[in-house]
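Let me begin by presenting the structure, written as structure tokens, before commenting on it.
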Amino acid sequence: MSLHALMQWMADTEWSVGLHESRYAYSIVESVHVWTLCIFVGFAVLLDLRLLGITLKRVPVSQITTRLLPWTKAAFVVMVISGVLLFYAIPLRTYHNVFFRAKAVFLLLAGLNAWLFHSGPTYRRLAEWDTSPMTPRQARLAGAFSLALWAAIVFSGRMIAYNWFDCESPQKSAFMDTIAGCDRSTEVSDASTVFPGH
Amino acid sequence: MLLPYFQAIESGPIGEAIRNSTWLFPFVEAFHLLALAVIGGAVLLVDFRLLGIGLKRQPVAELARDAQPWLIGSLIFMISSGVPLFMSEAIKCYYSFAFWIKMSALALAIIFTFTVRRRVTSAEDARFSPAVGKAVGVISILLWSTVGWGGRWIGFS
């Protein structure tokens with residue numbers, strides 16, 4: 001079964017149809033997604049800025065990772081759940097959306113960046129630079145990458161709502177069609193699905 | 001009563017430029033959302049502390065001082081990106097319940113943040129009881145959340 005076929009099947013399930021056709025459910029899920037963005041990205045940005053030595057300079061990094069990170073992680077879980085629901089509501093169109101695909105790549109890179117930093121030698125020696133306002137180079141790099149990646153994730157996430165490069169929109173370029181995985185010879189069943197609230 | 005003004009704003013040059021562009025509205029909107037994340041962090045960091053969670057080993061005043069430039073900076077950024085968005089669809093906003101909820105909450109949030117909340121978060125810890133701090137934290141979170149939810153909801157109408 002191809003991924004396209006899997007998305008097609010998902011789009012036809014009762015709950016998926018119910019979610020995108022409901023008066024309020026989709027909007028509420030999306031609002032929850034945006035609201036947890038404030039907590040998750042907001043706190044992630046604060047940690048990144050601390051790693052860059054820009055703000056909260058007198059707060060030990062370990063204080064942020066032990067006291068703020070649990071909230072960040074909890075908000076991340078809610079973001080993922082609400083994000084999966086948003087995807088599930090309109091799976092086929094989202095799967096072929098170039099911004100969604102870009103966001104997925106950025107998310108993987110952000111995860112990789114966080115994992116590399118947390119398992120790397122600099123973080124293992126955190127005790128040595130915990131209270132210092134000036135952070136090691138690797139910490140600053142990790143903070144800078146994280147900031148850039150999360151900005152790209154928020155940006156591309158917002159753009160998923162727009163259908164410029166969708167398979168059912170007029171073709172912009174063969175390149176964009178390749179990224180979107182469009183097969184213009186077949187019909188798309190949720191082609192008319194419009195995202196509520198641009 | 002206000003409708004003629006909203007109509008004039010919508011047909012003004014900025015509103016028209018944004019409406020005539022495919023990319024402009026989404027781009028400004030995406031930056032508006034990025035600033036939302038920053039203001040969310042700056043507000044919640046201090047409100048969490050007032051509620052006794054998060055960075056509770058640091059004095060409230062110290063966190064508030066660190067958060068202040070980010071709060072003010074992102075607020076300015078949000079307003080200067082939000083105004084053009086509004087200008088491009090002022091009449092829709094006029095008839096949008098969510099828009100009026102958002103603007104009322106925004107006015108209250110700004111007033112509350114720069115009067116009551118500022119006094120409580122700039123005082124040394126002993127001057128206000130923890131209960132006052134908690135109340136201020138809850139009100140701040142509720143007001144700013146209403147601004148965010150109302151904003152998101154303008155798009156759904």
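Protein chains get the first letters and strands the later ones, always in sequence-line order, with residue 1 at the start of each.
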Under 30°, 30 to 60°, or over 60°: which ring-plane class applies to A:Trp164 and B:Trp23, parallel, tilted or perpendicular? tilted
How are the rings of A:Phe155 and B:Phe31 set to each other: parallel, tilted or perpendicular (split at 30° and 60°)? perpendicular
B:Arg117/B:Asp47 salt bridge by N-O under 4.0 Å criterion: yes
Separation between OG (B:Ser11) and CZ (B:Phe6), nearest 0.5 Å, reads 13.0 Å
Is a donor from one side chain sitting under 3.5 angstrom from an acceptor on the other, for A:Ser62 and A:Asp130? yes
Quick check: A:Tyr26 with A:His20 (ring centres under 6.0 Å apart)? no
Side chain, backbone, both or neither: which part of [X] has a heavy atom under 4.5 Å from chain B?
X        : result
A:Ile153 : neither
A:Leu56  : both
A:Ile64  : both

Counting heavy-atom pairs under 4.5 Å with chain A, which one of [options] comes out on top?
options                              : answer
B:Gly54, B:Gly40, B:Pro69, B:Ser74   : B:Gly54
B:Gly151, B:Ala42, B:Ala67, B:Ser145 : B:Ser145
B:Pro26, B:Gly148, B:Ala30           : B:Pro26

Using a cut-off of under 4.5 Å for heavy-atom pairs, which of [options] has the most such pairs with chain B?
options                            : result
A:Gly42, A:Ser156, A:Ser31         : A:Ser31
A:Val34, A:Leu46, A:Thr55          : A:Thr55
A:Ile39, A:Leu49, A:Leu69, A:Val41 : A:Leu49
A:Val32, A:Val59, A:Leu68          : A:Val59

Among A:Phe40, A:Trp71, A:Phe43, which residue satisfies the ring pair (Phe, Tyr, Trp, His ring centres under 6.0 Å) criterion with A:Phe76? A:Phe40
Within 45° cone and under 6.0 Å: A:Arg101 NZ/CZ vs A:Tyr95 ring: yes
Heavy-atom proximity to chain A below 4.5 Å, by part of [X]:
X        : value
B:Thr22  : both
B:Trp144 : neither
B:Phe27  : both

Tell me if a side-chain donor or acceptor on A:Asn163 pairs with a main-chain N or O of A:Asp166 at a distance below 3.5 Å. no
